[in-house]
Amino acid sequence: MGAAERGERLLARLRGRVEAVEAQLVEARRGAEPAAPDGILDARAVHAIRVHCKVLRAGWHLLAPALGSAAAREPERALRDAARSLRADREARVLRDTLIRVVKRRARAGETDALERLMDEIRTRHPTAGESVPVPPELAATFAAQREALEAVTDPVSPDALREGLLESYRRARRFGRRADGGGGRADEAWHRCRRWVKYELYQRDLLAGDETDRGRRRRRLDRLGRELGRFQDLCDLRALVRAAEDTLAAAGALETVTIVLGREDRQLRRRMSRRFR
């Protein structure tokens with residue numbers, strides 16, 4: 001495949017992501033009501049749109065060497081804000097799913113009652129988790145602007161620029177991973193940043209891949225690492241909820257057990273992530 005065709009295929013795939021979101025928004029508007037004039041999104045649609053946002057953000061980072069950082073920054077940040085507008089429902093479901101996974105993997109005899117108290121706390125704080133949510137009012141305009149920004153990319157995107165964009169994601173993931181592996185008070189934040197760039201590189205490789213899915217060694221390693229980093233980030237969110245609910249959990253006699261069980265999962269994940277950067 002020629003160099004120009006590779007850039008054109010990348011842009012076509014990014015446009016396809018935008019069109020997929022716009023189709024979901026059209027479908028959502030069929031369920032419009034006074035409390036949700038732009039329509040309703042169920043949990044599956046929320047997840048799909050958030051994934052499209054991440055892939056598109058990865059695409060703008062990939063295009064940054066060709067377009068210039070300033071030109072790519074505005075549409076990329078607009079996608080960040082769009083994903084954040086759908087974050088609340090996602091966080092509630094992830095807290096619940098993370099706890100279920102930890103119970104299956106790490107809980108021992110006599111510990112499940114304490115963990116059920118934590119599940120009660122999740123239900124109390126997020127009573128509508130998993131329910132449909134109104135479409136944020138700015139979402140349609142955000143993706144209309146995405147379509148226009150991609151249509152404005154008319155110059156050919158060179159292979160060298162694409163390689164540089166891909167390499168920049170690799171460099172950033174490696175830098176943050178090594179920083180996190182070194183420990184320190186901001187190690188968790190470094191792991192979270194590492195995950196972002198690991199996922200960007202994974203998405204970028206998929207965007208640049210041929211018609212058949214790339215199942216090479218690098219992609220498989222990125223996928224495994226991204227999953228481990230994602231589980232760690234979800235665990236950090238769950239531990240933050242535990243800190244916020246310390247008094248309630250302590251009064252129920254559950255705090256010590258919950259802390260011990262989450263600590264087991266934390267240590268295992270840190271060991272597995274650290275091996276990737278040594």
Side-chain angles (χ1 to χ4, degrees), residues 43 47 50 54 83-84 87-130 172-202 220-278:
H47 174 73
R50 283 178 56 84
K54 291 176 184 178
R84 286 177 176 174
R87 186 174 181 178
D89 180 72
R90 184 262 179 195
E91 285 185 339
R93 288 184 292 105
V94 166
L95 288 170
R96 180 196 62 205
D97 294 346
T98 300
L99 180 55
I100 291 171
R101 183 173 63 246
V102 170
V103 169
K104 289 180 178 179
R105 290 163 59 92
R106 304 297 170 201
R108 298 173 183 172
E111 295 176 335
T112 54
D113 286 349
L115 295 166
E116 184 59 34
R117 300 290 78 72
L118 179 55
M119 184 64 81
D120 290 342
E121 191 66 23
I122 294 172
R123 295 189 187 106
T124 299
R125 290 171 180 260
H126 302 283
T128 61
R172 293 198 185 194
R174 189 159 185 81
R175 181 167 70 247
F176 285 119
R178 287 183 166 177
R179 185 181 301 173
D181 185 43
R186 303 187 70 178
D188 288 0
E189 180 183 346
W191 281 127
H192 298 334
R193 290 177 178 269
C194 175
R195 175 184 181 252
R196 181 189 308 164
W197 290 100
V198 165
K199 296 296 286 186
Y200 283 166
E201 185 186 346
L202 178 62
R220 290 195 298 272
R221 290 183 64 186
L222 285 169
D223 188 40
R224 286 196 299 269
L225 177 57
R227 290 176 186 273
E228 290 168 359
L229 290 163
R231 285 195 290 269
F232 178 74
Q233 182 162 334
D234 296 342
L235 181 66
C236 288
D237 291 341
L238 185 58
R239 295 181 76 173
L241 183 142
V242 171
R243 289 192 294 272
E246 277 186 356
D247 292 344
T248 302
L249 293 172
L255 181 59
E256 182 178 359
T257 298
V258 165
T259 302
I260 290 171
V261 175
L262 298 190
R264 290 186 201 126
E265 179 73 353
D266 181 89
R267 289 189 295 274
Q268 178 65 20
L269 286 171
R270 288 180 192 274
R271 282 195 294 268
R272 294 176 67 176
M273 294 185 303
S274 292
R275 283 201 299 266
R276 308 285 186 182
F277 294 95
R278 293 179 180 173

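- Residues R276 and R224 are in side-chain contact: their nearest non-hydrogen atoms beyond the backbone lie under 4.5 Å apart.
- For R271, the side chain to side chain donor-acceptor pair (under 3.5 Å) partners are Q268, not counting sequence neighbours.
- Closest non-hydrogen pair, E265 versus L235, comes out as CG-CD2, 3.8 Å.
- By the 4.5 Å heavy-atom criterion applied to side chains, D237 and T98 are not counted as neighbours.
- No salt bridge links R231 with D234; every basic N to acidic carboxylate O contact stays at or beyond 4.0 Å.
- Pairs engaging residues 238-248 under the side chain to side chain donor-acceptor pair (under 3.5 Å) rule: R239-D266 [sequence neighbours left out].
- Put simply, CG on L99 and CD on E116 are 8.0 Å apart, with the number rounded to the nearest 0.5 Å.
- Ion pairing of E111 with R264 is present here, as a side-chain N (NZ or NE/NH1/NH2) and a carboxylate O approach within less than 4.0 Å.
- For R125, the CZ atom is densely surrounded, since the number of other residues' heavy atoms within 6.0 Å is greater than 12.
- L249 places none of its side-chain heavy atoms less than 4.5 Å from the side chain of T259.
- Residues E121 and L241 have side chains in contact (heavy-atom distance under 4.5 Å, counting atoms from C-beta outward).
- Here the closest non-hydrogen pair linking A107 and L115 is CB-CD1, 3.7 Å.
- Taking 4.5 Å as the limit, every side-chain heavy atom of W197 sits out of range of all side-chain heavy atoms of L229.
- Among T112, T124, I100, the single residue meeting the side chain to side chain contact (heavy atoms under 4.5 Å, CB included) criterion with M119 is I100.
- Listed by first then second residue, pairs satisfying side chain to side chain donor-acceptor pair (under 3.5 Å) with a partner in residues 177-191 read D181-S274, D181-R278, R186-E189, D188-R270, E189-R193, not counting sequence neighbours.
- Between R220 and D223, none of the side-chain N atoms (NZ, or NE/NH1/NH2) sits under 4.0 Å from a carboxylate O, so this pair counts as no salt bridge.
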Checking side chain to side chain contact (heavy atoms under 4.5 Å, CB included) for the pair V103/V261: CA distance, chi angles, key distance, verdict?
CA-CA 8 Å; V103 169; V261 175; over 6 Å; no

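- Put simply, the side chain of R106 does not reach to within 4.5 Å of the side chain of L262, judged on heavy atoms.
- Within the 4.5 Å cutoff, the side chain of K199 has heavy atoms near those of the R195 side chain.
- Taken from SG in C194 to CZ in R172, the straight-line distance is 13.0 Å, to the nearest 0.5 Å.
- Within a 6.0 Å radius of NE2 in H192, more than 12 heavy atoms belonging to other residues, nucleotides or ligands are found.
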Evaluate side chain to side chain contact (heavy atoms under 4.5 Å, CB included) for F277 paired with L225, printing each intermediate quantity in order.
CA-CA 10 Å; F277 294 95; L225 177 57; 3.8 Å; yes

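- Atom-to-atom distance recorded for D113:CG and T257:OG1 is 9.5 Å, nearest 0.5 angstrom.
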Intermediate values then yes/no, side chain to side chain contact (heavy atoms under 4.5 Å, CB included), R50 and R87
CA-CA 8 Å; R50 283 178 56 84; R87 186 174 181 178; 3.9 Å; yes

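- Closest non-hydrogen pair, A190 versus A180, comes out as CB-CB, 3.7 Å.
- When the shell of 6.0 Å around CZ of R227 is examined, it contains 12 or fewer heavy atoms from other residues, nucleotides or ligands.
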